[in-house]
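What follows is one structure encoded as structure tokens, with my remarks underneath.
Residue numbers start from 1 in every chain, and the chains themselves are labelled A, B, ... in the order their sequence lines are given, proteins ahead of strands. What you see below is based on every heavy atom in this structure, not just the backbone, and it leaves out hydrogens, waters and symmetry mates.
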Amino acid sequence: MKIRTFNYFFKESFKSIKRNRVMSFASVTTVAAALFIFGVFMIIISNVNSLVDTVENKVEIKAFLKDDISSLKVRDIEKEIKAISGVKNVTYESKDEALKKVSEQLGENKDLTEGLEEDNPFPASFIIKVNKPSDVSYVSKELSKIQDFEKINDAQEIVNQIIKITNFIKLFSLILMIILSVIGISLISNTIKLTVYARKREISIMKYIGATDWFVKWPFLLEGIMLGLLGALIAIGFLSAGYSYGMKMVSPNILFFSFVPLKTIFQSILWQFLLVGMFIGGFGSLISIRKFLVL
Amino acid sequence: MKIRTFNYFFKESFKSIKRNRVMSFASVTTVAAALFIFGVFMIIISNVNSLVDTVENKVEIKAFLKDDISSLKVRDIEKEIKAISGVKNVTYESKDEALKKVSEQLGENKDLTEGLEEDNPFPASFIIKVNKPSDVSYVSKELSKIQDFEKINDAQEIVNQIIKITNFIKLFSLILMIILSVIGISLISNTIKLTVYARKREISIMKYIGATDWFVKWPFLLEGIMLGLLGALIAIGFLSAGYSYGMKMVSPNILFFSFVPLKTIFQSILWQFLLVGMFIGGFGSLISIRKFLVL
Amino acid sequence: MIEFKNISKVYKNNHIALSNISLSINKGEFVFLVGPSGAGKSTFIKLLLKEIEPTSGDITVNGVNIKKLKRKEVPYYRRNIGIVFQDFRLLQEMTVFENVAFAMQVVEAGHKDIKRKVPQMLSLVGLSSKANMYPHQLSGGEQQRVVLARALSNNPGILICDEPTGNLDPETAWGIMDLLNDINKSGTTILMATHAKDIVDRMKKRVVAIEKGVIVRDQQRGVYGYED
Amino acid sequence: MIEFKNISKVYKNNHIALSNISLSINKGEFVFLVGPSGAGKSTFIKLLLKEIEPTSGDITVNGVNIKKLKRKEVPYYRRNIGIVFQDFRLLQEMTVFENVAFAMQVVEAGHKDIKRKVPQMLSLVGLSSKANMYPHQLSGGEQQRVVLARALSNNPGILICDEPTGNLDPETAWGIMDLLNDINKSGTTILMATHAKDIVDRMKKRVVAIEKGVIVRDQQRGVYGYED
Ligand SMILES: Nc1ncnc2c1ncn2[C@@H]1O[C@H](COP(=O)(O)OP(=O)(O)OP(=O)(O)O)[C@@H](O)[C@H]1O
Ligand SMILES: Nc1ncnc2c1ncn2[C@@H]1O[C@H](COP(=O)(O)OP(=O)(O)OP(=O)(O)O)[C@@H](O)[C@H]1O
Ligand SMILES: [Mg+2]
Ligand SMILES: [Mg+2]
């Protein structure tokens, strides 16, 4: 294809976008809206994931040491624990610290532990964090092989619960994403179909005066791609603005959780959205134009 | 308007829907998609609200009684508490029950409370549930006027936190709903604009042969309403099916929370969606057709 | 009945299509509007239809100054005017029958009237056998005849034809002219823009010749008058 | 050069538009296609354009059986055929200049060629002053001339005209005919469907008359031959 023909296609697409202002606007809005909704979900999901990570991070195994174990032995055991695969980090909690914790747990009844310092009944323990909640059962089995523990508290029930909730959230987001993609693509391809439909006369005239199929297709393809890109850019703009505004509004109200930073989200969606916008626009054009090419 | 003319309009709208199959399909899909997304959010929000309700329900004030108060006096105090506005219900917790609770709280360290039965150091208390979290501060002030309490524990901080989170969720849903409504309406009105655009020749011919503005508008209006209704019905269908399937899938995995039943959700969305679908379709038609009526 | 008073029409690009035209046509007249391509014939017709507004001057139809018609009144005004367009303007998605019936539905005619009148109109223009075909399945001349049937379906007081025989063979064209003559005799005013020299010459009706936006001739029982 | 061999065309509704037509047209000929409305003239032209396929028979153009052309080859085949449509088929969103330039862009002509050729074509049909107007701003005759300019812009070997003077006044029509005559003399084969009796009679070219889908007359230096 000659370069000047390509230039012509570009000019033609721009002219056509300008000429069919209403329809171009509709297409861009549709792409932008679909991607925006998509983006809202992506942001929600990535925040939920980060929240889930935070919660998962809190899954821990507590292994209570038998009484009268020397601090030298403690260090050996710590090394042993660290060697177990799946263990993320290990914290030692001495008898004194355990007592302090319990008295804090009791809250307004803390007087209860007064005087216990001398004959502290609470055992020292290791608090072991694992990489994934699903590592808990393996790590806990390995720990039970070490003879120095009185008792291993692996909160298996809570862990299972967390695994289930996480899986549920992931499944739900996946399903929702698939549904939204299908809806989005069908909306856009319908819009472009309508654009082509409104120009079928033009297409038929082109065919009569000897235009090849690709000559007819190219401007539509470029137009679709440009509209898709524009829609993607608008969606990205609104998402970024909305998210940073939303974070500012909401952050002071939420103590236990920090938002995924805008930059992280922006980096991951920018190229994805531009590519998806281009693809949707171009592909939508091509499938929409096909049936009008048969003269 | 004559009845036969109205019949004609109806027939005309049906014919036009059939004739413009592609475009009608696009409109219905758009309405259905917008309402579906809307519905997904409504379902999420109503479940979140029910979750929040569950949590809010757990907000309680604990008022510890001074020692040596007769069970007769206790009953008087209970009546006094119940009279405070905002109080939902009141439970009495005796010294024995308090001790049992603490020993349960201590978990594996429950041996600690052994032997304390004889000289129980834990005070009896009233556990007061309030209607709304925001009632806590008033009720707690009123309680402090009763002289028989050693201490009133109103967990003001936790309550504030919950109020903030609830408000945040409500604000977020509101904003999201507004955004989605605007997007939905603009999508639909654009689609209908395209439909009208593709038929502008038809409209101009009608005007030439002496059709009144309303004669031109009616079939489009009816067509819009029918398409909107159809879209709403499809959205309702998919939502109901999807929700009941989703509940079945997910319910066994979640222990702490029960879903809002399908019937409740269905009842609230059915009429809303049908009305919104009708409105969007009809209104979308009318605003889209306006500029084409000027000959 | 139709009165143009000092009508000028200047298009947005400053093209003067009609300049200071005055003309009156009586009820029941048959007037040919002739003139070279671009003379302003279609502009004249569009003004009469209130599709465009004159730049200056007044048009009175049946005693009503159509400049002063409200938006709401325009459709009722137009119902009294049947129109045959130069470029057909048929609804592509409707059959021949439906296209004609449509014009009657627009003016809220009864179902029975429509059922009775449409076949009458179609046989009048010789298209009974094509009633269920779509415009794209018709030849150019057949389409033009459908437009004529549509224009006549509501018994308009005025019939305007812009080049109604341009796509017709002489035989069919004369058939149409005989028809128009009959309609004219039954009282309908007819205004016809045309280039068909032999038709104008033989019909011996009033001829109004426009050139470059000016009436250059207005002749009872006139001829086409341009050398070819 | 153009050869129709036993061509029949039956439309889906079983209407027989052409039945067993055989005809050959030599390079450089000027042929009038005449016949009443609905005779099958446009059908003949559509077959030649490969817009529709014959029900039976073969069409050979420049030695190529067009039935056997692949989908991909059809555009290149069509580029050799200039066509003036009965119903204009101009692009409403393009100016007169753009409409003509468009036809050249479609066949990937150079920018300079386009800049040079389009004004030439427009002045040929007498529309230089309307270059920047849109089709709806033109009179019917002006639109028809734009279509002619478009058809001629790529110097086609064959020029097909379906009723090219139907909307023109006799003077303009004769201008167009003179033009077609010149083009024909420079070697272009011309096939023209028309109802214009005086033009056919005076041009004294080959006349092929079709009636009800059958060739009833094929006459060198013929006349229109229908009584009007
Ligand atoms: N909307 C418009 N804007 C600008 N100029 C216009 C417009 N409509 C028509 N014209 C110009 O006004 C002149 C008169 O046009 P009109 O259509 O009245 O001609 P006509 O007599 O009907 O010609 P024909 O016989 O070819 O149909 C033409 O030169 C045309 O180019
Ligand atoms: N797509 C179609 N389906 C069915 N019948 C058709 C179709 N196209 C044309 N016809 C019929 O075939 C016949 C020939 O049509 P054609 O267009 O060839 O006539 P024509 O000679 O060009 O007439 P005119 O001079 O009026 O343009 C007509 O009776 C028409 O109704
Ligand atoms: Mg005109
Ligand atoms: Mg024809």
Run Glu73(D) and Thr212(A) through side chain to side chain contact (heavy atoms under 4.5 Å, CB included) and show every step you take. CA-CA 9 Å; Glu73(D) 296 166 336; Thr212(A) 59; over 6 Å; no
Could you please spell out the steps behind the side chain to side chain contact (heavy atoms under 4.5 Å, CB included) verdict for Arg78(D) and Lys207(A)? CA-CA 9 Å; Arg78(D) 282 192 185 142; Lys207(A) 294 289 296 175; 4.1 Å; yes
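In this structure a side-chain-to-backbone donor-acceptor pair under 3.5 Å is missing from Arg79(D) to Ile209(A).
Taking a 6.0 Å sphere around CZ of Phe238(A), one finds it holds 12 or fewer heavy atoms contributed by other residues, nucleotides or ligands. Within 6.0 Å of NZ on Lys67(D) lie more than 12 heavy atoms contributed by other residues, nucleotides or ligands. Remark: Lys46(D) NZ is packed, more than 12 non-hydrogen atoms of other residues, nucleotides or ligands lying under 6.0 Å away. Counting heavy-atom neighbours within 6.0 Å of Ile16(D) CD1, excluding the residue itself, gives a total of 12 or less.
For the set Ile81(D), Leu90(D), Val74(D), the count of heavy-atom pairs under 4.5 angstrom toward chain A peaks at Leu90(D).
A distance of 6.5 Å separates CD in Gln105(D) from CZ in Phe215(A), rounded to the nearest 0.5 Å. Here Ile205(A) contributes atom CD1 and Ile83(D) contributes atom CD1; the two are 12.0 Å apart, rounded to the nearest 0.5 Å.
Between Asp213(A) and Lys72(D) there is no salt bridge, since no side-chain nitrogen of the basic residue lies less than 4.0 Å from a carboxylate oxygen of the acidic one.
Of the atoms belonging to Phe85(D), it is side-chain heavy atoms, and not backbone ones, that fall under 4.5 Å from chain A.
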